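A short write-up of the structure that comes next.
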Protein chains: 2
Amino acid sequence: MRDGGSPHKTRKARRAGPTISDVAARCGVAVSTVSRALTMPGRVSEATRQRVVAAADELGYQPNPRARSLLSGRTDTIGLLMPDITNPFFFDVIRGTQAQAAAAGYSLMLVDTEESAEVEARHLARMPKAVDGLILAASRLSDADLEQVASSVPLVALNRGTRGVPTVVIDSADGAVQAVEHLASLGHRKLAYAAGPAGSWSNGRRWRAVYTAARRLGLHAVRLGPFPPTVRAGAAAADAVINTGASAVLAFNDLLAIGMLGRLAERGVDVPGEMSVVGCDDIFGADFCHPALTTLTAPIERAGRVATDMLLDLLGRGTGRSAHREQELLATTLTVRESTGPAPAPTPAPAP
Amino acid sequence: MRDGGSPHKTRKARRAGPTISDVAARCGVAVSTVSRALTMPGRVSEATRQRVVAAADELGYQPNPRARSLLSGRTDTIGLLMPDITNPFFFDVIRGTQAQAAAAGYSLMLVDTEESAEVEARHLARMPKAVDGLILAASRLSDADLEQVASSVPLVALNRGTRGVPTVVIDSADGAVQAVEHLASLGHRKLAYAAGPAGSWSNGRRWRAVYTAARRLGLHAVRLGPFPPTVRAGAAAADAVINTGASAVLAFNDLLAIGMLGRLAERGVDVPGEMSVVGCDDIFGADFCHPALTTLTAPIERAGRVATDMLLDLLGRGTGRSAHREQELLATTLTVRESTGPAPAPTPAPAP
DNA sequence: CAACTTTTGGCAAAGGGTTGCCACCCCAAC
DNA sequence: GTTGGGGTGGCAACCCTTTGCCAAAAGTTG
């Protein structure tokens, strides 16, 4: 039993490729040497390094990221959670995030939390072990839960402000004020706000900004909804607005606004002749819908980039170039297109 | 030196949460028992199981997926590669894929290959170790490379047909024929095809379908381009079409078509009065652009779902419900909206 | 009460790398 | 010739979990 020491190597058909020890065997060095040759260039002699690299190439060796991450703790992956992957707003977030992550050598893991705090929490419990850091877009979590998660895993919140959690928010307040001023200057006296999801933090902020701006300018503002942030829901929102007698409406987001445009056209309400519509976000499509949508242009993709930068900083992999603050505020501006116009001349009473 | 056997446990500050051995220590059993209590319910006594579960809860233990996957070989993650994450077409693919993957308990890893076969290949070399399977949307790889990759990792190609590789393709041929017939019936005699990226497999197929259908119906078809599949490129495409004297144009995709719509409006060319425009895909926005786009409606999201189903089957995790074939063909249909109309009366020569 | 079967739980070996520590070699300096 | 030092490479522990195998405990049967 001279060779009894050799254990049963091929326990299961190894589906994966060659391992580090295959490479080591092939060029007659220890696995540790191979590891070092591949990851710490100065640590071995040039001759050895070349032998190892050659052997690795011949075998087509690729290090196993799972094994590597087990020890190093790093996965080179960041997770992006959002309430609804179906919403074009988040497409731009994905874009910005993916671009910046890829540039830093990170992969992106996508999760749809289905507009539910509970689903979000469930994923959040599993993910920290699978990724290096997280970006939570429009999180539905409570402040307490959010802070708790943030304390145990590097995390950046997007469009969800909370003290103590690194945050980038697209500040619709500026834009909302601009929008209200725009409408006021066009002679509108009564405007409606078509609200988004109740759980949305941005929704609350947006309404507050509209309300105070309207008040300051002597306009009457009413809040409608909540509506789901979808094109379909635009029909209900449009009908609700017509009912209020407002001559202008500011929608929670462009999807809702575009849906309203469709419904208003269907009902023969002229936009902007009889009703002015303002969207929010300036998503893909806002410029070529009919009429082209006046909207608050939000730097969504940039928000994704900035959030990723901040996360990378947190992970110590930042470019260093840009030292971000804990709370990054990105301003919006009003883009005036064709869906807003002068208020219609007041009619004493609507025809029955 | 009685306790000399105990090694230095806390070599590095353990950033991650409690491990299985913490749980084991807490309730006085071996790690193997904890593992079994948590994953093989019948394997330990109910009393033990409860003790373990209680301890795990108290500690907030979450198994480390990396360690788990190292042994099991499974990551419960699938990778989705696409040439350009910026293209709304792929948004729908992402949607369908994410939905189906999530339903089966899989996470989604997103990769943008930047329209480059080389970038794609580079990612492809690293990924197999990090995911269980791959979906390649509109792969730019050569047939040989594609087959080679497919032989070493479970893979489904989307909109990229190759023998020997499981594939789901959205077959624009049917729709293209319908579109040409539609245009022919409206009296058009000459039509242009605004081509997409040269490396795109679908582009070749689409042109061929248009060309043969046109030929059969006695229409004259010219091919323009290639153009990048973007709204911006639509301007150049529109100008090129005007030059040919064609009265109708079929665009490689909706982005291009929508861009053409904008440029044509800018140049005062009436759509559909003077020029009919047909898009392809029916992406978000095709129904509310102006005029609403006549287009080949492609079941993009469903393609993503089917591709995911097929991959899951390959991984042995399929629902079993739906046995897919190796090559799945999804038909398109023409959706007629407002961007197509009767051919204009022929004018002897354009006014100078 | 002995012999046998079934539970139940523990030991230890993977799985594929990384890394602290040590041994060794070669060369220069004393 | 001995000592010291820098450069290389190997050993083995470690990361966390799963799982084959075995032994002890418990239960069953004659």
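Since we're looking at a predicted model, the values are computed, not measured. Labels below follow one simple rule: chain letters A, B, ... track the order of the sequence lines, proteins then strands, and each chain is numbered from 1.
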**Request:** Report which part of the nucleic acid A:Arg36 touches: base, sugar-phosphate, or nothing (heavy-atom distance under 4.0 Å, all strands).
**Result:** base
**Prompt:** Any side-chain heavy atom of B:Val169 within less than 4.5 Å of one from B:Leu158?
**Reply:** no
**Request:** Using whole Å, report how far CZ of A:Arg66 lies from C1' of D:dT17.
**Result:** 13 Å
**Asked** B:Ala103: what forms a side-chain contact (heavy atoms from CB on, under 4.5 Å) with it, not counting sequence neighbours?
**Response** none
**Message:** Taking the nucleotide of DNA chain C with the nearest heavy atom to each, does A:Ile20 or B:Thr33 sit closer to the 5' end?
**Reply:** B:Thr33
**Request:** Round to a whole Å and report the spacing from CD of A:Glu46 to P of D:dG9.
**Result:** 11 Å
**Message:** With a 4.5 Å cut-off on side-chain heavy atoms, are B:Met127 and B:Leu134 touching?
**Reply:** yes
**Asked** If you check every side-chain atom of A:Thr48, which of C:dC11, C:dG17, D:dT8 has the closest atom?
**Response** D:dT8
**Request:** Let me know, please, whether A:Gly28 or B:Ala67 comes out on the 5' side of the other along DNA chain D by nearest nucleotide.
**Result:** A:Gly28
**Asked** Which residue, A:Val31 or B:Tyr61, contacts DNA chain D at a nucleotide closer to its 5' end, judged by nearest heavy atom?
**Response** A:Val31
**Message:** Any non-hydrogen side-chain atom of B:Val111 less than 4.5 Å from a side-chain atom of A:Gln98?
**Reply:** no
**Request:** Using only heavy-atom distances, determine whether the side chains of A:Ser139 and A:Arg160 contain a donor-acceptor pair under 3.5 Å.
**Result:** no
**Prompt:** With sequence neighbours excluded, what pairs up with B:Glu115 under the salt bridge (charged side-chain N to carboxylate O under 4.0 Å, His left out) test?
**Reply:** B:Arg140
**Item:** Five-pair end axes of the helix from C:dC1-D:dG30 to C:dC30-D:dG1, angle between them (10°)
**Value:** 60°
**Asked** With sequence neighbours excluded, what pairs up with A:Glu118 under the salt bridge (charged side-chain N to carboxylate O under 4.0 Å, His left out) test?
**Response** A:Arg122
**Rounded distance (Å) that lies between atom P of D:dT18 and atom CG of B:Leu71** = 8 Å
**Message:** What's the closest nucleotide to the side chain of A:Ser32 if the choices are D:dC16, C:dT19, C:dG17?
**Reply:** C:dT19
**Message:** Whole angstroms only, please: what is the CE-C1' distance between A:Met40 and C:dT18?
**Reply:** 7 Å
**Item:** Under 4.0 Å protein heavy-atom contact, by nucleotide of nucleotides 22-27 of chain C - B base, S sugar-phosphate only
**Value:** ------
**Message:** Using whole Å, what does the distance between atom C1' of nucleotide D:dT8 and atom CZ of A:Arg49 come to?
**Reply:** 15 Å
**Message:** Please classify the nucleic acid contact of A:Ser69 as base, sugar-phosphate, or nothing, using heavy-atom distances under 4.0 Å.
**Reply:** nothing
**Request:** Whole angstrom is fine here: how far is it from CG in B:Asp22 over to P in D:dC15?
**Result:** 11 Å
**Fill in**
Between the CG atom in A:Asp132 and the OG1 atom in A:Thr75, the distance rounded to the nearest 0.5 Å is 3.5 Å
**Message:** Distance check needed: C:dT8 C1' versus B:Arg51 CZ, whole Å only.
**Reply:** 12 Å
**Prompt:** Counting any heavy atom closer than 4.0 Å, what does A:Ser35 reach on the DNA or RNA strands: base, sugar-phosphate only, or nothing?
**Reply:** base
**Prompt:** Roughly how many Å is it from CG in A:Leu70 to C1' in D:dT18, rounded to a whole number?
**Reply:** 13 Å
**Request:** List for me each residue that meets side-chain contact (heavy atoms from CB on, under 4.5 Å) alongside A:Ser35, sequence neighbours excluded, and say none if there are none.
**Result:** A:Ile20, A:Thr39
**Prompt:** Is a side-chain donor-acceptor pair under 3.5 Å present for B:Glu147 with B:Thr162?
**Reply:** no
